[in-house]
Each structure stands twice: as structure tokens, then as C-alpha cells.
There are 2 protein chains.
Amino acid sequence: MSQQTEQAYLASYNIKDYDTCLTTVDSVLFTVLNGELYTLLVRRANHPYLAYWGLPGGFIDVQRDVDLTACANRHLAEKTGIIPPYLEQVCSTGSKTRDPRGWSTTVTYYALMAHIQCTTDIDSVDDVQWLPATQALQMELAFDHKQMIEQALERLKQKALYSLVPVYALPETFTLSELQQLHEVILGKSIQSKSFRRRIELANVLEETGELSTQKGKGKRPALYRVKTGAADYRFMRNLEH
Amino acid sequence: MSQQTEQAYLASYNIKDYDTCLTTVDSVLFTVLNGELYTLLVRRANHPYLAYWGLPGGFIDVQRDVDLTACANRHLAEKTGIIPPYLEQVCSTGSKTRDPRGWSTTVTYYALMAHIQCTTDIDSVDDVQWLPATQALQMELAFDHKQMIEQALERLKQKALYSLVPVYALPETFTLSELQQLHEVILGKSIQSKSFRRRIELANVLEETGELSTQKGKGKRPALYRVKTGAADYRFMRNLEH
DNA sequence: GCAATAGTGTCTTTCAGACAGTATTAA
DNA sequence: TTAATACTGTCTGAAAGACACTATTGC
């Protein structure tokens with residue numbers, strides 16, 4: 001083989017001559033609704049695990065997908081109608097046994113988006129649904145998708161300790177209390193609001209819109225904020241307690 | 001398709017009926033020698049990138065590899081003769097263009113090991129070599145392996161800020177000065193030895209062997225340490241300055 | 001003795017936790 | 001006014017940085 005030119009090698013190369021493995025991309029899409037963390041599940045229309053709920057995702061389309069991120073976004077867009085504002089690769093899982101069709105590898109991403117942006121699309125179909133993450137984790141899901149949700153949650157938890165990444169699960173404008181409550185839900189513990197606000201001021205990745213929330217309710221009307229670009233990359237030097 | 005039973009579907013399923021993509025596992029193996037960080041490169045014996053230096057790794061063997069980690073370890077063992085004591089998945093990279101044979105995905109790992117454990121095996125062959133990481137990054141490597149080394153280094157750098165993971169690049173017993181010097185090389189900056197030692201004491205993941213180093217040289221003879229099990233999982237709450 | 005390396009004592013600085021206090025709103 | 005929510009002031013405490021100090025070795 002090494003006697004050939006590279007051109008001749010490539011001309012004669014056919015992937016189907018080899019025992020190869022399945023490769024898929026699956027995403028755990030999170031959002032926040034009523035102070036709870038939700039995740040998007042889709043009902044499988046094909047074997048294997050026909051009719052089971054699982055993660056949005058699937059095979060790489062070697063014609064249409066230019067890379068893994070594009071593949072993740074395509075599958076998410078097919079389900080939600082939009083490209084989520086935050087997408088991060090979690091890890092890859094591959095083994096001989098995770099898929100009955102054969103050796104299979106999946107690249108897991110997690111994504112964050114505002115719930116309102118896609119709620120109408122999803123409510124109109126019955127094979128896609130938002131479920132509270134805790135509830136999703138109690139279901140029997142397709143493949144090892146339950147572990148993948150757990151891994152994504154674990155990653156999101158770490159990020160909540162030293163970054164403001166969870167902000168991408170909120171709508172375009174939000175209050176600091178909403179953001180704090182989201183971090184608290186992700187971490188499963190309460191945070192001192194003074195500490196939280198101090199960190200946000202230090203990070204300088206959010207900006208006040210100048211407006212106050214129009215939500216009716218008792219108490220002082222909170223200021224509205226939006227994220228500055230690059231907020232996802234900010235990293236605090238110290239973690240919150242855990 | 002959804003009319004069939006799962007059994008019938010699986011019986012008729014043949015991966016070669018579909019356009020699929022290549023999947024490989026590559027590892028960036030680091031070690032420390034004379035206070036410098038080295039990485040292991042292998043010379044390719046096949047097309048594409050014939051005779052280029054690149055990372056140890058390759059295709060998943062659907063018969064022999066049970067999962068991705070096993071695949072990474074197998075390829076590393078083929079080159080070094082041993083299974084490295086630390087192996088961590090970095091990320092996956094996949095695109096239409098990264099391999100001339102077609103759509104290709106690679107799962108990148110990085111591994112740490114003591115140099116001495118495998119030096120004789122490697123010195124006896126001419127298609128494997130340890131190179132200073134800085135030097136490897138200046139070469140023209142196969143595929144996108146240069147970026148993969150950069151990503152692995154970046155991950156290792158983060159770990160050096162909040163963990164003692166780099167210790168796995170040292171021999172079984174080592175001095176705290178050696179460990180500190182390694183962290184300094186990875187981070188590219190000096191560390192206050194008082195801070196470093198305080199953190200180590202707090203972490204409680206190293207233990208004194210009771211011996212002193214037998215290395216001849218000026219100055220006080222340093223105490224020898226070894227890692228306790230579970231040291232890889234310890235995470236400091238605060239980062240070192242960067 | 002000196003130079004070099006290992007290791008310690010301790011003061012300063014930074015920033016999270018705790019929690020009481022003030023501000024603004026609806027009823 | 002009261003209750004609720006938003007937000008601030010300020011003290012404490014934990015741990016990193018700075019750096020001078022002591023300890024042990026080879027020459």
C-alpha cells in the first residue's frame with residue numbers, strides 16, 4: 001500500500017471495504033420554564049428503540065453536514081426550528097454494545113435556549129416535548145441517552161460554579177433574580193445573592209437594558225439585563241461553594 | 001420500516017447500505033523529561049499523509065475494542081508497550097474535509113505517563129519518538145493533529161490550574177519541586193512554592209514515601225512523594241493565577 | 001565559609017459567605 | 001401598613017500571593 005502514490009490510494013479507497021462503525025451526534029437541549037430546568041425529548045419513529053423517547057440527534061449526513069457542530073445544529077433545528085444560542089460538546093461515547101446494530105459512537109452536545117423562542121413549533125407536534133429534566137431522568141429512554149443527559153447536567157453544573165453560561169437558557173432579557181434562581185436549580189442549592197451579584201459585576205459580561213421588568217407582582221420591580229457577546233467564555237477564578 | 005419488528009429490522013440492517021463516515025481515536029501522550037514536556041509522535045506507514053509524523057491512534061477495531069477508551073489504550077500500548085496511568089478524553093473533531101478519504105471523525109484523548117517506563121521500547125524503533133511539545137507544534141503533522149495537540153495542551157493547562165493531574169507525567173516517586181516545575185512548564189509561568197505546597201497539603205492526595213531523593217547535587221535533599229489513589233479527581237476550589 | 005536547593009512563617013490581598021439593612025412595589 | 005421582592009453595606013473567613021526567613025547539602 002505504501003508503494004502506491006497517495007492519489008492512487010485515494011482513488012481505490014472505499015470505506016465500504018472495511019468494517020466500520022456507526023457515528024451519530026446527539027444533543028441535550030436545556031431551557032428554563034417556571035424556574036425549572038427542562039430538556040427536549042423526541043419520540044423515535046424508527047428501529048431500534050422504536051417509540052421510545054430519546055435525544056434529538058442522529059446520523060451524520062455526509063453530504064449536508066460540514067462538521068460535527070453543524071450536524072448537531074441541523075438535528076436541533078429540525079426539531080425546534082431554530083439554532084440554539086449556546087452549544088457545547090460534552091463528550092463522546094462509543095462501544096460495541098450501546099447500539100444493537102453494531103459498534104456505535106455518539107458525540108454528545110448540550111445546548112441552551114430560551115423556551116419561548118420555540119414553544120409554538122413544539123406544541124404543534126406530538127413527537128417532540130419539553131420535560132422537566134428530573135422527570136426525563138426517571139424515564140426509560142432510548143440507548144444510553146439517560147447517561148448522556150446526566151453527563152450534560154454534570155457539565156452544566158460545573159459551568160454554573162465558575163461561569164455564567166446558564167444565562168443562555170433565559171430569554172433575551174432577564175432579571176438577575178431569574179438568573180440566580182436558574183443557577184440554584186442547576187446546582188441544587190441556594191446561593192447568597194450578594195455573592196452572585198458581586199461576581200456578575202466583576203465579570204462584566206451582562207449589561208442593563210435600562211428597562212425594569214413589566215411583570216406584575218409584589219415587591220420592587222427588578223432591572224432587566226442582557227448578555228454581552230463573549231459572555232460564554234468568562235471564567236471566574238473561584239468556584240461557588242458546592 | 002416502523003411496520004417491521006425490531007428483530008426483522010436488525011436482521012436486515014447492514015451498515016454498508018449507508019453512506020457512513022470514518023471514525024478514529026487519537027491520543028496525545030505527554031511525559032516530562034529534564035523539566036520539559038514531551039509528546040509522543042509516530043511516523044505514518046500508510047496513506048494518507050504517508051511518512052508524516054502524527055499522533056498514535058487509528059481506527060476502531062470493531063472486533064477487538066470494547067469501547068473508545070479501550071481503543072485509545074490499545075493504540076497507545078502498541079506504541080509504548082504499556083497502558084498509561086492517566087487517560088482523559090479531550091474532544092471529538094469531525095468534518096467533511098479533515099481526511100481526504102471522506103467524512104471523518106476522530107475522538108482525541110490525552111494521556112500522561114512517566115518517561116522512564118517506556119523509554120527502552122521506544123528508543124529501539126525508529127517510527128516512534130518523544131519530542132518536546134513545543135517542537136512538535138512547529139512541525140507539519142498529519143491531518144489536523146497539530147490542533148489536537150494544542151487542544152490537549154490547553155486542557156492540561158486548565159487541569160494544572162485547579163488539580164494535580166499533571167503528577168501522572170512523573171515517575172512513581174517524585175519531589176514536590178519536580179511537580180511544581182512541571183506545573184510551571186505547563187502553565188508557562190512561575191508559581192509561588194508556598195502556595196503550591198499549601199494546596200498540596202490541603203488536597204491530601206500525595207503521601208511522603210519517607211525516603212529522601214538520592215539524586216546528588218547541591219542543596220537540601222528533597223523528600224520523595226507518591227500519589228494516593230483518586231488523586232486525579234481532586235479539584236481545588238480556587239485556580240492558581242493565570 | 002559560600003552557593004544552591006528545600007522548605008517554613010507570616011503578612012497582605014482577594015473574593016465568597018453571612019446576614020442585617022434599605023428601597024420599591026401591590027394589596 | 002404589611003408583605004414580598006430587589007438590592008446594598010459590611011463584617012468574617014478561607015485561601016492565594018509575596019517575600020523574608022531557616023535548613024540542609026556539596027564544594
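The sequence lines fix the lettering, A, B, ..., with proteins before strands; numbering per chain opens at 1.
- Checking the phosphate oxygens (OP1, OP2) of C/dA16, no side-chain nitrogen or oxygen of A/R238 falls inside 4.0 Å.
- In summary, the side chains of A/E184 and A/Q180 do present a donor paired with an acceptor at a separation below 3.5 Å, with no hydrogens or angles considered.
- Applying the side-chain contact (heavy atoms from CB on, under 4.5 Å) criterion to A/L202, with sequence neighbours excluded, gives A/Y234.
- Straight-line distance from the CD atom of B/E184 to the P atom of D/dG17: 12 Å, rounded to whole Å.
- Between the side chain of A/T80 and the main chain of A/I82, a donor-acceptor pair closer than 3.5 Å is present.
- The stretch residues 220-232 of chain B participates, sequence neighbours left out, in these salt bridge (charged side-chain N to carboxylate O under 4.0 Å, His left out) pairs: B/E207-B/R226.
- Between the C1' atom of D/dC7 and the CD1 atom of A/I200 lies a distance of 12 Å, rounded to the nearest Å.
- Between the CD atom of B/Q215 and the C1' atom of D/dT24 there is a distance of 17 Å, rounded to whole Å.
- In this structure, the CD atom of B/E201 is 18 Å from the P atom of C/dA6, given to the nearest Å.
- Ion pairing between a basic and an acidic side chain is recognised when a charged N comes within 4.0 Å of a carboxylate O; A/E201 and A/R197 show no such pairing.
- Rounded to whole Å, the distance from CG on B/L224 to P on C/dT5 is 17 Å.
- Summarising the geometry, the separation between OH on B/Y162 and P on D/dA15 is reported as 19 Å, rounded to the nearest angstrom.
- Side-chain proximity of A/A223 to C/dA6, D/dC7, C/dC15: nearest is D/dC7.
- Going from atom CZ of A/R197 over to atom C1' of C/dC15 covers 18 Å, rounded to whole Å.
- A/F196 and A/H183 have perpendicular rings, their planes meeting at more than 60° on a 0 to 90° scale where under 30° would count as parallel.
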5' to 3', nucleotides 17-27 of chain C under a 4.0 Å protein heavy-atom cut-off (B base, S sugar-phosphate only, - none) gives BBB---BBBS-
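- Atom-to-atom, CZ of B/F174 to C1' of C/dA6 comes out at 16 Å; the value is rounded to the nearest Å.
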